[in-house]
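Okay, structure first, notes after.
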Amino acid sequence: MKYRIFLSFFLLVACLSLEAQNRVEMAIVVPQQRPDISINTYRIIRGKLLGAMTRSGVASAEYSCIVVCPEISVINEQIVESGMRNITVMDIQLNLVAQQLLTNTVFNSVTLELRGEGQSLDDAVRNAVGKLRSDDGRIGMFISTAKAKIENYYQSNTNSIVQQANSMVAMKRYDEALTLLCSYPTSLAGYSSVSAAIKNVYRQYQNDCASQLMQQARAAYAIGNYTEASERLSLVDPLSSSGNEARALCQQIKKTRDAEAARELAAYERASKNEVELEKYRIKAVSDIATAYCKSLSWYYFIF
């Protein structure tokens, strides 16, 4: 039985790998949002990056530890008199850095010199960035070079990445270990050993954390936060030592008629009854753990 479950896990991962052929996932982040630049301005920058990412075979992700970080600085500012209202003209440097947040590895960077007009830095940056073409060759070269370096880095450091993840597991930093492993591009030849490491870390995570997850789910249920309770339950493997208890709490939550919680639990119950669904659910659980870890990186603000 265990052999069949593990085999289906690897088969499903292999199928997902084919679907993700030549794909690297990157998110857009800023190191803590600056109060003088609005989120909408950063979203315009993200929009300019998306076209180049798509053309280079890079997938955009809301959360990932492989990121592009735009950094903005003003190198010159002047006031131009124009009729009744003066115009502020700013020369701006937009520095784009592609990096891995967990290992602090920088893959590529480029600096774009732009000029914008506005009554504030935010207005000037928005005006300057708005003039950029989505097919700007500088951005395209930055992304394609970053992708090539990312793939080379992971392919060349497969063993050390797995070892680093194992070191995190030894310190019970399971979510960080899974986040690191999940950043490995599935199209690379070394992914088979990474997928085996993901399975091993997830199993240890369940052995150590299932009871804690159940405690968190019961606490959320007790105060009527059924959505939070269902999210905690969704991370408990149905075949773990806490599986029966998780299914029992599922039944109690279903009686509350909380629609969002019910949708989460329906997928959980399907996974409990079917091997293929169970493996899909496990892969989703691993992805959810990695996403939650990225969200916890409070010194970065993810733009999407």
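The shown structure was predicted, so the numbers you read here are calculated from the model rather than taken from an experiment.
Considering CG of Leu235 and CD of Gln206, their distance stands at 8.0 Å, rounded to 0.5 Å. One finds the CZ atom of Arg46 at 7.0 Å from the CE atom of Met53 (value rounded to the nearest 0.5 Å). Within the model, atoms OH of Tyr42 and CZ of Arg126 stand 12.0 Å from one another, a figure rounded to the nearest 0.5 Å. Distance CG/Asn166 to CG/Leu181: 8.0 Å, rounded to 0.5 Å. Atom OH in Tyr191 sits 4.0 Å away from atom CD1 in Ile198 (nearest 0.5 Å).
In this structure, Ile45 is a member of the same hydrophobic cluster as Leu132, with clusters built from ILVMFWY side-chain heavy atoms closer than 4.5 Å. Hydrophobic clustering, with ILVMFWY side chains joined whenever heavy atoms are under 4.5 angstrom apart, groups Met26 together with Phe302. Ile75 and Val110 sit in two unconnected hydrophobic clusters of ILVMFWY residues. Membership requires side-chain heavy atoms under 4.5 Å apart, directly or through other members. Linking Ile, Leu, Val, Met, Phe, Trp and Tyr whenever their side-chain heavy atoms come within less than 4.5 Å puts Leu50 and Ile66 in one cluster.
Of the possible polar contacts, one joining the Ser230 side chain to the Thr227 backbone as a donor-acceptor pair under 3.5 Å is found. The backbone N or O of Leu180 lies less than 3.5 Å from a partner atom in the side chain of Ser183, making a donor-acceptor pair. Listed for the Arg115 side chain is no donor-acceptor partner under 3.5 Å among the backbone atoms of Met90.
Remark: Gln215 CD is loosely packed, at most 12 non-hydrogen atoms of other residues, nucleotides or ligands lying under 6.0 Å away.
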Before giving the answer on salt bridge (charged side-chain N to carboxylate O under 4.0 Å, His left out), spell out for Lys172 and Asp208 the whole-Å C-alpha distance, their side-chain angles and the decisive distance to 0.1 Å.
-> CA-CA 8 Å; Lys172 298 187 181 299; Asp208 280 7; 2.8 Å; yes

Give the C-alpha distance, both sets of side-chain angles, the deciding distance and a yes or no for salt bridge (charged side-chain N to carboxylate O under 4.0 Å, His left out) between Arg133 and Asp136.
-> CA-CA 5 Å; Arg133 292 171 56 93; Asp136 189 298; over 6 Å; no

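Taking 4.5 Å as the limit, some side-chain heavy atom of Leu249 sits within range of a side-chain heavy atom of Leu233.
Taking the six-membered ring for Trp, Phe304 and Tyr63 have ring centres closer than 6.0 Å.
Under the side-chain hydrogen bond (donor to acceptor under 3.5 Å, both in side chains) test applied with Ser38, the options Asn40, Thr41, Asp36 reduce to a single match, Thr41.
Shown here are the ring pair (Phe, Tyr, Trp, His ring centres under 6.0 Å) partners of Tyr184, two or more places apart in sequence or in another chain: Tyr154.
Residues Ser240 and Ser242 bring no donor and acceptor atom of their side chains to less than 3.5 Å of each other.
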